[in-house]
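The structure presented is a predicted model; accordingly, all values stated were derived computationally and were not measured. What's counted below: heavy atoms across the whole structure, side chains too, no hydrogens, waters or symmetry copies.
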Amino acid sequence: MDFPEQLNESQLKAVTCTDGPSLIVAGAGSGKTRVLTYKIAYLLQQGIPARQIMALTFTNKAAREMKERIERLVGSADARYLVMGTFHSVCTRLIRPYADRIGYTRDFTIYDTTDSRSLLKAICKERGLDEKIYKPAAVHSRISMAKNSGISPAQYGMNQQLLREDREMRLYDMTAVYELYQARLRAANAMDFDDLLINMLRLMNDCPDVCNNYQQQFRYVLVDEYQDTNYIQFLLVQKLAEPQNNISVVGDDAQSIYSFRGADIRNILGFQRVYPQAQVFKLERNYRSTQNIVNAANSLIHKNVHQIEKTVYSEKEEGKPLSLQAYMDDRAEAEGVVRQIASSHRKEGYGYDDIAVLYRTNAQSRVLEGELRKQNIPYRIYGGTSFYQRKEIKDTLCYLRLAVNRRDNEALLRIIGFPGRGIGDTTMKKVSLNAIEHHRSYLDVMRAPDESGLEVNAGTKKKLQSFALYIDDLHEQSEKMDAYYFAEYVLRTSGVLTALALDRTPEGIDRAQNVQELLNAIREFVALRQNEGVDFTPITDFLSEVSLQTDQDENLEDTTQRVTLMTVHAAKGLEFSVVFIVGLEENLFPSQFCVQPGEIEEERRLLYVAVTRAMEQCFLSYARQRFRNGSFSFASPSRFLNDIDRQYIALRNTQAAPSIPSVPRNPNYPINLNIPGTSSAPGVAKTPVRNEEDQASAIWHSGDRVSHRSFGDGTVVRVYHDEATGNDKIEIHFDAQGTKTLLLSYAKLDRI
């Protein structure tokens with residue numbers, strides 16, 4: 001194997017350094033996996049037995065692919081006995097022979113996430129805790145966070161910060177739940193995923209002979225994606241590598257984006273403090289992206305204070321500058337992005353698989369999906385689910401379905417347990433059998449259980465009747481209220497919004513945002529119908545629209561070439577020829593939940609990851625206003641746009657935005673990109689105009705003659721901002737239809 005022919009100079013130095021600690025800082029697209037693979041192959045070539053090499057990864061896929069590459073380099077016989085895998089799989093293998101030393105048997109069970117949450121649900125139920133507050137996912141997240149930080153149940157109960165956080169979430173019994181959870185695991189001779197790491201560390205600390213055996217066996221320890229390790233993983237790696245300290249870690253601090261999972265960037269930033277004699281190798285050549293993309297990403301990430309200094313470079317062609325586009329609103333942004341996707345495909349020859357759209361939150365996919373379907377462009381949701389197929393969205397839609405069609409038994413079965421009402425599966429099975437026997441709907445049986453002889457106790461009958469009466473009320477309201485106000489009424493009275501708001505885990509916040517985005521979709525649907533001359537839009541019309549969209553989703557799955565939609569977190573490790581990064585606005589990217597300097601730096605790293613996914617072209621965009629909570633709210637361009645050196649950005653002509661005043665910006669983060677409609681002076685923000693004419697008068701004036709596809713020709717009376725709703729409106733006197741007031745964002749007027 002001729003290493004010099006296969007590696008560049010920096011890679012070769014990192015590969016051939018085998019003794020002592022080493023830190024390999026691998027910039028984006030610099031061949032990190034290649035270096036780690038060749039380093040292991042080099043150790044084998046130098047005569048190191050495979051059994052003495054441990055390589056730790058974060059996914060089984062990464063371990064499998066590396067092992068296959070090593071086998072191709074040195075042969076399967078040499079690679080067969082490598083101890084290579086995820087932290088959890090390797091710890092499982094090492095614990096089993098000595099499980100009795102820490103109070104387990106060798107056949108201990110491993111609880112996956114579903115098992116753990118099922119156990120926690122049972123514990124909370126036994127203790128009589130409110131299931132709307134003590135949700136298994138939220139409770140599990142708190143316990144996992146504590147374990148990853150090395151906090152035992154006893155220490156948890158003495159940690160004032162954790163207790164304060166629990167009080168804010170009304171998790172007053174959290175310490176007791178944690179204690180009981182651990183006791184139940186121990187009684188079941190079981191470990192959850194986090195316990196595998198903790199118990200491995202405990203085994204090493206409490207059993208010197210076992211520790212010595214493993215330290216002597218594993219003379220070389222290599223760790224991939226070191227920036228993603230948590231506190232327990234840091235301690236475990238440190239212990240395993242002693243006393244030789246032949247530890248080699250590979251990672252990129254600029255791509256540390258998983259603190260919400262417990263990852264601690266201090267592990268990689270502080271590696272040289274822990275190992276002062278460590279050799280540091282920087283892989284700075286990017287093999288993935290053009291020079292403009294790499295340089296733009298560098299200018300962005302260099303604004304972070306806490307980082308390992310490096311300058312990534314590319315020897316590929318200079319390439320196109322990043323494209324920056326401002327749009328009127330999120331709907332216009334989706335239209336513009338999809339239009340550019342179509343152009344990239346038809347005019348530039350990119351396959352749909354070459355294109356990805358990245359966003360900060362899952363909820364942003366909704367408008368993009370709608371526009372892609374409208375233009376018949378196939379797509380996939382990577383690492384997630386299509387918007388209308390997400391559980392919380394289907395749950396909400398089933399409430400709406402049942403309200404208008406009280407015989408929809410499948411919808412009833414889906415929502416009866418969310419939020420919890422004390423009506424379990426056993427009861428619903430009885431209702432189902434009774435309904436079939438008497439040829440009635442489930443709700444009919446629940447409304448009058450005695451009429452069909454339903455065999456349940458008095459308390460259960462009361463619960464069933466209460467739910468049936470609630471659905472009857474919804475049915476009545478559905479005929480009086482338009483789709484948006486009715487959906488809002490359902491979410492509020494059903495307790496769905498409250499239940500979602502109580503779950504403050506990242507997944508819970510994501511679900512709440514998705515439901516809010518569904519409300520936005522319904523509000524938008526109603527507004528469009530109003531502008532088409534429909535005065536009242538029932539919820540049945542929206543449900544029909546969604547059903548058609550769902551059918552189209554299924555048809556799109558038949559194609560092989562699809563545009564990829566995903567969050568930036570899901571995009572790490574992937575690459576595409578053309579990348580769109582949407583929603584670059586304050587309180588979205590960076591997230592509204594990130595306020596501390598360290599959190600803002602992670603958000604900046606997240607954008608760095610997004611930009612470096614692009615190989616040839618990168619499109620950035622933001623909306624001047626975004627549809628939230630039933631109305632448009634003004635948005636400021638993300639502070640990160642000002643971090644990217646302007647020489648690497650091409651400002652595209654912004655769309656005319658008659659309904660949008662210039663957006664005031666945070667003076668601490670001035671956006672001075674000289675974008676039309678914004679201030680060109682650093683730190684200077686124009687004051688929004690708020691009067692009857694507004695900035696819309698730049699396009700439409702009183703007296704202008706216009707044409708509307710539903711109302712025909714007319715004359716503009718006035719253009720104004722409605723403070724009550726936060727929307728910009730245009731009043732038009734139509735020749736044949738009289739005076740109408742339309743939402744300017746959806747009016748779609750042509751000048752006569």
Side-chain angles (χ1 to χ4, degrees), residues 1 3 6-7 10-26 30-74 78-91 93-94 197 200 204 214-230 232-253 255 263 267-268 271-272 274-275 277-283 573:
M1 182 169 52
F3 284 92
Q6 304 295 325
L7 305 168
S10 297
Q11 292 172 335
L12 184 62
K13 288 180 179 178
V15 163
T16 55
C17 174
T18 58
D19 295 331
S22 64
L23 168 62
I24 303 172
V25 183
S30 63
K32 168 183 66 67
T33 304
R34 184 180 189 81
V35 167
L36 196 58
T37 300
Y38 271 77
K39 192 175 184 73
I40 295 170
Y42 181 75
L43 287 169
L44 293 171
Q45 192 182 58
Q46 297 303 302
I48 305 299
R51 291 185 179 86
Q52 295 183 2
I53 301 173
M54 174 187 287
L56 298 168
T57 66
F58 273 83
T59 66
N60 289 310
K61 179 184 177 184
R64 187 167 55 250
E65 289 178 351
M66 271 202 291
K67 198 162 190 176
E68 289 172 355
R69 290 191 192 184
I70 293 166
E71 288 177 352
R72 288 196 294 268
L73 289 172
V74 300
D78 288 334
R80 184 181 307 161
Y81 299 106
L82 286 168
V83 179
M84 177 180 289
T86 65
F87 275 87
H88 298 96
S89 65
V90 170
C91 285
R93 176 176 171 179
L94 300 183
L197 306 182
M200 183 65 208
M204 297 284 285
Y214 282 143
Q215 287 175 342
Q216 291 301 313
Q217 178 181 343
F218 301 114
R219 291 173 53 200
Y220 296 89
V221 178
L222 301 94
V223 187
D224 191 18
E225 303 286 7
Y226 192 66
Q227 78 279 350
D228 294 335
T229 54
N230 60 38
I232 295 298
Q233 289 165 332
F234 160 75
L235 294 177
L236 188 55
V237 169
Q238 185 181 34
K239 194 73 174 178
L240 283 165
E242 293 174 349
Q244 300 99 328
N245 287 332
N246 292 330
I247 176 176
S248 183
V249 302
V250 184
D252 183 7
D253 58 294
Q255 298 185 67
N267 293 349
I268 190 168
F271 187 83
Q272 290 174 273
V274 177
Y275 301 100
Q277 73 278 32
Q279 296 190 61
V280 179
F281 303 94
K282 297 180 181 180
L283 309 183

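In this structure, Q215 and M204 have side chains that are in contact, with non-hydrogen atoms separated by less than 4.5 Å. For the pair Q6/R34, a side-chain contact is recorded, criterion being any heavy-atom separation below 4.5 Å from C-beta on. Between L236 and C91 the shortest side-chain heavy-atom distance falls below 4.5 Å. In this structure, L56 and Q233 have side chains that are not in contact, with every pair of non-hydrogen atoms separated by 4.5 Å or more. Residues K39 and Y220 are not in side-chain contact: their nearest non-hydrogen atoms beyond the backbone lie 4.5 Å or more apart. A heavy-atom distance below 4.5 Å is not found between the side chains of Y38 and L12. Residues R69 and T33 have side chains in contact (heavy-atom distance under 4.5 Å, counting atoms from C-beta outward). A 4.5 Å side-chain heavy-atom check between Q46 and T18 finds every atom pair outside the cut-off.
The salt bridge (Lys or Arg N to Asp or Glu O under 4.0 Å) analysis of residues 216-225, with sequence neighbours excluded, yields the pairs K32-D224, K32-E225, E225-K572. Pairs of residues two or more places apart, or lying in two chains, that qualify as side chain to side chain donor-acceptor pair (under 3.5 Å) and include a residue from residues 240-251 are S22-S248.
Residues R93 and L82 approach most closely at NH1-O, 4.2 Å, considering heavy atoms. The heavy-atom pair separating V83 from F218 by the smallest distance is CG2-CE2, 3.4 Å. What you find for I48 and L44 is that their closest heavy atoms are O-CD2, 3.5 Å. Listed here is the closest heavy atom pair of A26 and D252: O-CB, 3.0 Å. The shortest non-hydrogen separation linking T229 to F87 is CG2-CZ, 4.1 Å. Across all their heavy atoms, C17 and F281 have their closest contact at CB-CZ, 3.5 Å.
Atom CG of residue L73 and atom CD of residue Q45 lie 9.5 Å apart, to the nearest 0.5 angstrom. A distance of 10.0 Å separates CD of Q217 from CG of L240, quoted to the nearest 0.5 Å.
Evaluation of the ring-ring contact (aromatic ring centres under 6.0 Å, His included) rule for Y275 yields F271 as partners, not counting sequence neighbours. For K282, the salt bridge (Lys or Arg N to Asp or Glu O under 4.0 Å) criterion is met by no residue, not counting sequence neighbours. Annotation: side chain to side chain contact (heavy atoms under 4.5 Å, CB included) contacts of R51 (sequence neighbours excluded): Y81.
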Inset, instruction - Start with the C-alpha distance between L94 and M54, add both sets of side-chain angles, then the distance that settles side chain to side chain contact (heavy atoms under 4.5 Å, CB included), and finish with yes or no. - result: CA-CA 11 Å; L94 300 183; M54 174 187 287; 3.7 Å; yes
Legend entry - Audit row: V15, L7, side chain to side chain contact (heavy atoms under 4.5 Å, CB included) steps and yes/no: CA-CA 9 Å; V15 163; L7 305 168; 3.7 Å; yes
Ignoring hydrogens and angles, write down the donor-acceptor pairs under 3.5 Å from the side chains of residues 57-67, residues two or more places apart or on other chains.
{"unit_1": "T57", "atom_1": "OG1", "unit_2": "T59", "atom_2": "O", "d": "3.0"}
{"unit_1": "T57", "atom_1": "OG1", "unit_2": "G85", "atom_2": "O", "d": "3.4"}
{"unit_1": "T59", "atom_1": "OG1", "unit_2": "A62", "atom_2": "N", "d": "3.0"}

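Surrounding NZ of K13 are at most 12 heavy atoms belonging to other residues, nucleotides or ligands under 6.0 Å away.
Looking at N267, its side chain never comes within 3.5 Å of a backbone N or O of F234 through a donor-acceptor pair.
Of the listed residues (I247, L43, V237), just one forms a side chain to side chain contact (heavy atoms under 4.5 Å, CB included) with L222, and that residue is L43.
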